[in-house]
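Reading through the structure tokens given below for one structure.
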Amino acid sequence: MKPEAQLAELKRGVVDLHVEADLLERLNEGRPLKIKAGFDPTRPDLHLGHTVLLNKMRQFQDLGHDVVFIVGDFTAQIGDPSGRSSTRQVPTREEIEEGARTYAEQAFKILDKERTQIVYNGEWLGKLAFDDVIRLAGKYTLARMMERDDFKRRWAEHVSISLHELLYPLAQAYDSVVLECDVELGGTDQLFNLLVGREIMREMGQRPQIVITTPILEGINARVENGKIVGAKMSKSLDNYVAIDEAPKEQLGKLMSLSDDLMWRYYELLSTEPEAEVQRRKRACAAGDLNPRDVKMMLAKEIVARYHGAREADGAEASWLAQFSQRQVPDDMPEREVVLENEEVWIPKLLSDLGLVKSSSEGRRRIQQGGVEIDGNRISDPQAKLPKGGPYIIKAGKRAWAAVTLK
RNA sequence: GGAGGGUUGCCCGAGCGGUCAAAGGGAGCAGACUGUAAAUCUGCCGGCUUAUGCCUACGGUGGUUCGAACCCACCACCCUCCA
């Protein structure tokens with residue numbers, strides 16, 4: 001593909017591109033560019049938020065360029081301060097290794113293995129001596145470091161900043177120097193770190209890398225207020241994520257729980273549908289010609305199909321429609337057997353033992369709120385008991401089901 | 001080295017001797033409604049089988065008091081200002 005055409009393709013969906021002319025110049029050199037992206041291996045589960053960046057990496061690969069996938073085993077010990085309001089906990093060596101392994105495994109659902117090189121930055125960062133670090137630190141100033149948004153904010157809000165956190169951007173920049181990469185990719189929250197890489201490379205007498213950032217996807221519980229998206233970014237620790245190796249039905253269900261407004265953000269960042277088609281759907285929804293639920297289903301199925309295949313996506317849709325639209329009994333409910341000490345069991349206790357609720361108090365509440373059904377009959381008495389027998393089809397809320405035999 | 005401020009439930013945050021299982025918001029959950037696990041509305045939201053009851057909880061340990069998240073002492077951690 002011609003450099004100009006590549007550039008147009010690569011610019012799609014990115015937030016920052018420093019510097020465009022420089023990128024075009026390198027594309028004109030006609031060689032495969034070296035694309036760098038680093039991952040902090042402390043969170044093994046890749047989710048849709050990560051895929052925004054991975055998709056961009058894949059795009060480079062499809063255009064004939066090479067990706068260097070850096071596992072930040074060394075930098076993970078520092079903990080990237082990006083977007084953090086406080087200092088990170090340092091993960092153990094085992095956590096890092098386990099994380100790195102599962103990370104790479106999942107990343108190859110998106111990346112082209114043939115064009116990906118995996119490296120660990122501990123290989124070179126671990127060998128630096130203290131005087132090397134001092135020399136590196138000498139190439140940047142505190143004032144410039146404090147320009148960084150999250151440092152500035154934490155400083156202003158009197159939240160502690162440990163000195164080692166200041167070294168993080170330098171360590172990441174040093175990775176670029178060692179690899180002599182052409183382009184570094186990251187989320188918008190990485191912009192500062194990436195730009196430090198440019199500076200340090202220049203200081204070290206190299207051509208500064210081109211910096212590209214991709215948007216950060218908000219979590220599934222984000223809301224839209226006055227046209228603005230309100231809510232934290234997708235993350236495992238906030239439990240507002242859709243993991244790429246999650247079961248098809250879970251993925252579909254989570255995506256169907258997006259608010260109608262937020263759905264368009266997901267379309268923008270995750271769908272591969274042509275822009276014109278997305279706009280058509282948006283207009284049709286606004287005009288009332290299309291039901292937003294159906295448009296959301298198209299998106300959900302597109303994503304499920306990407307990781308599990310079209311057949312799984314169809315299956316997930318069918319059981320979702322049955323369970324939530326038609327309120328039927330789910331087809332894959334867990335079958336359980338419980339051995340009783342007596343002839344009957346207090347229902348809240350049973351729900352708790354089955355793990356359908358957290359405690360029997362919670363079970364009692366859920367009965368009082370009318371959320372518990374056994375064999376299709378709503379239980380209203382929180383004192384109710386259930387005799388031996390079954391299997392009973394127990395429903396304890398929208399998504400908590402079990403087929404239980406009492407012995 | 002000195003002076004001062006802070007540490008509250010999943011998160012943020014109010015409370016500053018009894019009426020505190022602790023305001024308010026967020027997240028979460030249930031029901032109604034629906035087009036869905038959207039939106040909206042209502043309710044719930046530490047635990048204990050039945051409770052104007054008990055237990056656990058407001059950084060930790062002791063203490064004062066009939067009674068402490070609230071007062072005192074010490075300890076730990078965080079922040080600010082001065083040097």
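Everything numeric here is computed off the predicted structure, so don't read it as measured data. Quick note on labels: first sequence line is chain A, next is B, and so on, each numbered from 1.
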Could you tell me the separation between the [atom1] atom of [X] and the [atom2] atom of [N], rounded to a whole number of Å?
X: A:R293; N: B:A37; atom1: CZ; atom2: C1'; value: 12 Å
X: A:I220; N: B:A27; atom1: CD1; atom2: C1'; value: 12 Å
X: A:L351; N: B:A30; atom1: CG; atom2: P; value: 12 Å
X: A:K233; N: B:G26; atom1: NZ; atom2: P; value: 23 Å
X: A:D289; N: B:G35; atom1: CG; atom2: C1'; value: 15 Å
X: A:K254; N: B:A38; atom1: NZ; atom2: P; value: 15 Å
X: A:I367; N: B:A30; atom1: CD1; atom2: C1'; value: 12 Å
X: A:L356; N: B:A30; atom1: CG; atom2: C1'; value: 14 Å

Pairing partner (Watson-Crick or G-U wobble, both distances under 3.5 angstrom) of [N]:
N: B:A38; result: none
N: B:C70; result: none
N: B:U49; result: none
N: B:G59; result: B:C75
N: B:G28; result: B:C44
N: B:U80; result: B:A3

- Classify every nucleotide of nucleotides 42-51 of chain B by which part a protein heavy atom approaches to under 4.0 Å, writing B for the base, S for the sugar-phosphate alone and - for neither, in 5'-to-3' order. -BSS-SBBBB
For [N] versus [M], give the span between their [atom1] atoms, rounded off to a whole number of Å.
N: B:C12; M: B:U19; atom1: P; value: 26 Å
N: B:U49; M: B:G63; atom1: C1'; value: 39 Å
N: B:G18; M: B:C71; atom1: P; value: 11 Å
N: B:A57; M: B:U52; atom1: C1'; value: 22 Å
N: B:A14; M: B:U8; atom1: C1'; value: 10 Å
N: B:A3; M: B:G9; atom1: C1'; value: 33 Å
N: B:C81; M: B:A27; atom1: P; value: 35 Å
N: B:C72; M: B:U64; atom1: C1'; value: 7 Å

- Message: Regarding A:G397, tell me which of base, sugar-phosphate or nothing describes its non-hydrogen contacts under 4.0 Å with the strands shown.
- Response: sugar-phosphate
- Message: Mind checking if A:L321 touches a base, just sugar-phosphate, or nothing, with heavy atoms under 4.0 Å?
- Response: nothing
- Query: In residues 308-317 of chain A, which ones come under 4.0 Å of RNA chain B, going by heavy atoms?
  - Reply: none
- Message: For RNA chain B, which residues of residues 297-305 of chain A approach it to below 4.0 angstrom with any heavy atom?
- Response: none
- Message: What I want to find out is whether A:R101 reaches A:E105 closely enough, with some N-O distance under 4.0 Å, to be called a salt bridge.
- Response: no
- Item | Side chain of A:R378 (C-beta onward), nearest among B:A37, B:A38, B:G31 | B:G31
- What nucleotide, of B:A27, B:A38, B:G31, holds the atom closest to the side chain of A:R223? B:A27
- Message: Just checking A:F69 against A:F39, ring centres under 6.0 Å apart?
- Response: yes
- Can you measure from CD (A:E184) to OG1 (A:T213) and round to the nearest 0.5 angstrom? 11.5 Å
- Note on the structure: d(A:D294 CG, A:L299 CG) to nearest 0.5 Å is 13.0 Å
- Query: Among pairs that include at least one residue of residues 311-344 of chain A, which meet ring pair (Phe, Tyr, Trp, His ring centres under 6.0 Å), considering only residues two or more places apart or in two chains?
  - Reply: A:W320-A:F324
- Which sits closer to the 5' end of RNA chain B, A:S257 or A:N221, going by the nucleotide each is nearest to? A:N221
- First encountered from the 5' end of RNA chain B, between A:G371 and A:K296: A:G371
- Task: Report yes or no: is there a donor-acceptor pair, N or O only, under 3.5 Å between the side chain of A:R399 and the base of B:A37?
- Result: yes
- Task: May I ask you to verify whether the side chain of A:D260 and the base of B:G35 hold a donor-acceptor pair under 3.5 Å?
- Result: yes
- Query: Under 3.5 Å, is there a donor-acceptor pair between the side chain of A:S360 and the main chain of A:G363?
  - Reply: no
- Query: Is it true that a side-chain atom of A:H47 and a backbone atom of A:A243 form a donor plus acceptor pair closer than 3.5 Å?
  - Reply: no
May I ask you to check whether [X] and [Y] show a side-chain donor-acceptor distance below 3.5 Å?
X: A:Q59; Y: A:D62; value: no
X: A:E180; Y: A:Q209; value: no
X: A:T116; Y: A:Q61; value: yes
X: A:K36; Y: A:S176; value: yes

- A:Y241 six-ring centre to A:K254 NZ/CZ under 6.0 Å and within 45° of normal: yes
- Task: With sequence neighbours left out, write down each residue that passes side-chain contact (heavy atoms from CB on, under 4.5 Å) with A:R283, or none if nothing qualifies.
- Result: A:Q279, A:R280
- What residues form a side-chain hydrogen bond (donor to acceptor under 3.5 Å, both in side chains) with A:E20, not counting sequence neighbours? A:K11
